[in-house]
Amino acid sequence: MITAIKAKRKLKGLGDVDKEIKEKVEKTLKKTVYNNNEFNRLIGHQSLVIGVAISPDQLLIATASIDL
């Protein structure tokens, strides 16, 4: 998914790009987004999340919020 998003962003910055390439990138991005299953979700904050930290092994995520 990240690769598809990066490709889309690069295309925006390039300006005039072949129509076929644009269509392939768009198709791949849509396929990736719509076929992706969410398996982890951050829930519980009642207000704006102001910080996120991910452990080096990418197994833990810590969030900071302005919750009261």
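Positions are given from 1, in the same order as the sequence printed here.
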In plain terms, say whether Glu20 and Lys24 are close enough for a salt bridge, that is, a side-chain N and a carboxylate O under 4.0 Å apart. yes
State the OG1-CD1 distance between Thr63 and Ile50, to the nearest 0.5 angstrom. 10.0 Å
Asp67 versus His45, closest heavy-atom pair with distance: OD2-ND1, 2.9 Å
What are the two closest heavy atoms between Ser65 and Ser47, and how far apart are they? OG-O, 3.6 Å
Can you measure from NZ (Lys8) to NZ (Lys22) and round to the nearest 0.5 angstrom? 8.5 Å
May I ask whether Val49 and Ile54 are part of the same hydrophobic cluster, defined by side-chain heavy atoms of I, L, V, M, F, W, Y residues being less than 4.5 angstrom apart, directly or through others? yes
Between CD on residue Glu23 and CD1 on residue Ile21, distance to nearest 0.5 Å: 10.5 Å
Starting at CG of Leu11, measure out to CG of Leu29 and round the result to the nearest 0.5 Å. 10.5 Å
